[in-house]
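Down below is the structure, laid out as structure tokens.
Note on naming: letters A, B, ... go to the chains in the order of the sequence lines (proteins, then strands), and numbering restarts at 1 for each one.
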2 protein chains.
Amino acid sequence: MGVTIADVARAAGVSKGAVSYALNNRPGVSEATRSRILHHAHELGFSPNVQARSLSSSRAFAVGLVIARDPGLLGSDPFFPAFIAGLETVLADEDVTLVLTVATRPGAEERAYRRLADGGRVDGFVLSDLRCTDNRIALLEETGLPVVTLNRPDGPSSFPAVLVDDTAGVRDAVEHLIALGHRRIGHVAGPQDLIHGRSRLRAWRDTMTAHGLEADLVAVTDFGAGSGVAATEELLGRGDPPTALVYANDVMAIAGMSAIAAGGRSVPGDVSVVGYDDAPIAGHLTPGLTTVATSPMRWGELTARVLMRAIEHGPRLPDVTMAPASLVVRGSTAPPPGPTAHSRLTAPSSTAPSSSRSSSSSRSSSSTARE
Amino acid sequence: MGVTIADVARAAGVSKGAVSYALNNRPGVSEATRSRILHHAHELGFSPNVQARSLSSSRAFAVGLVIARDPGLLGSDPFFPAFIAGLETVLADEDVTLVLTVATRPGAEERAYRRLADGGRVDGFVLSDLRCTDNRIALLEETGLPVVTLNRPDGPSSFPAVLVDDTAGVRDAVEHLIALGHRRIGHVAGPQDLIHGRSRLRAWRDTMTAHGLEADLVAVTDFGAGSGVAATEELLGRGDPPTALVYANDVMAIAGMSAIAAGGRSVPGDVSVVGYDDAPIAGHLTPGLTTVATSPMRWGELTARVLMRAIEHGPRLPDVTMAPASLVVRGSTAPPPGPTAHSRLTAPSSTAPSSSRSSSSSRSSSSTARE
DNA sequence: GTGAAAGCGCTAACAC
DNA sequence: GTGTTAGCGCTTTCAC
């Protein structure tokens, strides 16, 4: 606060308008005047007042992100911090600010969107955690503001989406297990009102079915550690229990591994485990957690880039597709125990005992594995 | 955007000024006029344009939070999401927005503070992750904006702080272990340039010393899972190894438990483990992780409340103290193995089993468990 | 108690 | 090309 455009204008001996043009690299001033103005601006330590710019240009120079999740679940999800960091790398360069709302109380989410939109506080939104038949789409379309969605909604949406195919990661995971010789592969699914909870379940089921395996070992959870444990116990307690479990996130997988061990079974000796997220801790457990790695930070970057483009050049943009989520094989997956063990011999040679790692790695040679 | 104060004024047959007074519950209009105005405002779906309010009142109706951390570490820290959710409950009521910046690139942090302050984008800051001799204090004092710090900086600061005594939690943890009979208690410390990394180390050392135990088993880390594992292995590999480890956060404790098990030792049979944070997953592992619970959400609430008060009534406010962090005893702590077992009898009586914990759960029958 | 009017700091349309 | 000027929507001082 303090030095205004008028001060700069006076110092440079020009009008306010000229200063505005100069500062925004816009035609309307000669090169000579421009650099003189810039010099004085710098000299005086001028920094534009966003409120004023906003008011006259009716831009907020801010974008909104509303997160509606239980704080406990949020706290164990490695996604958002990295995603936000990714957004930030782009936004900071554009001098755009991120307005974050964490909505916990009922109704707070919708209020948050309205408040930000109606008050003119943001120029656009990032829409994450898409839900099945998500009513926020209509809500946001009503505001007329540009929006970018994380993955494509299942209903109609006029907003561009930044897509990550999580299907591929889950499919690779299941096929990796099949290649190891597993036949009884369970899935600890996320909430089915979230499209990514649903798509991961579908990917698991489709892959199982495609390989002629029965997709009966599934338990639906809320993504929390507690229900991950409960689901693990429930699935392992069934008649013909799984020899491998694919979890919809790492938190449940980690809690699940612990529950499996507590039940007297070993990972991966008796039960193989695959997570989803590649949380920072995943590689530091023993055994390391085989999991599906997404790139939340790059997702954030790309999302911000698309959103900025939508804000500047109109909201109707094509979808952008990111590299698919990829399987990271670590120690928590191995051939199934005992009787089934021989099947590994018949498995395609490419399915080496894992322990690979590398950045992305490990295509699991899917299709071929059959006995 | 759309309906302005002028529209409301016209509808109600009054001047813009009157509408402004009415909307802000301020003297200057009669009750009758006020309610008529409010009625029309509501009718028209009026929602004030923040930019305009900001410009004329030179308030941003926003507060800033700048987080400078490696996204990987951030992603495994349950603190921020809950803390932010807590902030939000208060801010939303006041119609104040949270501007979040995650600074990853070098220099980005300072730039972020300056950008938000100089541009008039925020009315105040929350300062977290305080560092030893934190230069942000001076930086922010320069801006003249109100600030609330999370815990008291080690250097001079004119800002009010919201205090949580993490010392008490660590002390309780150590005394809980001592009461169980442990003598060789190690500490896997956080970064020593963070005041909370340092204060937890100090609390551990002071408690050890106070009980006449040697505080030699310490390893300093970066709070990451990887270095938690390394520190665990290093400490357990020493000549006279620890029978218990107190970790500066839960992520390291969880990774540490896994490393201990991988090394052929059992938790808590051979080594007891205590974490810090009470991450959502902590209670769902087997054994459950004994840990120190803070209340990040309430911390956020209180911080927001103090900050709002500072913004509205001047920045020089007294510190506010929260309930101290408290120990949550679960299954990961037990008496030390074999030969040392008798030692508990000689332990000072003052070190009661401390299975405190209020609301929830799981006093692990500590004191009684003996063979 | 009420209304008129002067800005807040900037942008952008318009004359020069 | 350059400078002047009228707002953006609201708050707030000042007459009435």
Name the closest nucleotide to the [X] side chain, picking from [options].
X       : options               : result
B:Arg53 : D:dC10, C:dT2, D:dG9  : D:dC10
A:Thr4  : C:dC10, C:dG3, C:dT11 : C:dC10
B:Leu55 : C:dT2, D:dG9, C:dC10  : D:dG9

Base, sugar-phosphate alone, or nothing: which one does [X] contact when heavy atoms must sit under 4.0 Å apart?
X       : answer
A:Ser54 : nothing
A:Val19 : nothing
A:Pro48 : sugar-phosphate

Starting from [atom2] on [N], measure out to [atom1] on [X] and report it in whole angstrom.
X       : N      : atom1 : atom2 : result
B:Phe46 : D:dT11 : CZ    : C1'   : 12 Å
B:Gln51 : C:dT11 : CD    : P     : 13 Å
B:Arg10 : D:dG9  : CZ    : C1'   : 13 Å
B:Asn49 : C:dC8  : CG    : P     : 18 Å
A:Ile5  : D:dG3  : CD1   : P     : 13 Å
A:Ile37 : C:dT11 : CD1   : C1'   : 14 Å
A:Leu23 : C:dT11 : CG    : C1'   : 12 Å

Query raised in the report: Does the side chain of B:Asn24 get closer than 4.0 angstrom to OP1 or OP2 of D:dT11 through an N or O atom?
Result: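 Yes, within the criterion.
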
**Report entry** Side-chain donor-acceptor contact under 3.5 Å, B:Thr104 with A:Glu88
**Finding:** no

Rounded to the nearest 0.5 Å, how far apart are [atom1] of [X] and [atom2] of [Y]?
X        : Y        : atom1 : atom2 : result
A:Glu142 : A:Ile137 : CD    : CD1   : 13.0 Å
A:Leu163 : A:Thr321 : CG    : OG1   : 4.5 Å
A:Ile67  : B:Ile84  : CD1   : CD1   : 8.0 Å

Requested in this report: Please work out whether the ring planes of B:Phe79 and B:Phe83 are parallel, tilted or perpendicular, with thresholds of 30° and 60°.
Outcome: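 Geometry flag for B:Phe83 against B:Phe79: parallel rings.
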
Query raised in the report: If you pin B:Ala52 and B:Arg34 to their nearest nucleotides in DNA chain C, which one's is more 5'?
Result: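 Upstream on the strand: B:Arg34.
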
Query raised in the report: Got a donor-acceptor contact below 3.5 angstrom from the A:Ser76 side chain to the A:Leu73 backbone?
Result: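 Side chain of A:Ser76 to backbone of A:Leu73: a pair is present.
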
Query raised in the report: Hey, does the Lys NZ or Arg CZ of B:Arg136 hover above the aromatic six-ring of B:Tyr113, less than 6.0 Å from the centre and inside 45° of the axis?
Result: no

Please produce a list of atom pairs where a protein N or O lies less than 3.5 Å from an N or O of nucleotides 12-14 of chain D.
residue : atom : partner : partner atom : Å
D:dT12  : OP2  : B:Arg26 : NH2          : 2.3
D:dT13  : O4   : B:Tyr21 : OH           : 3.3

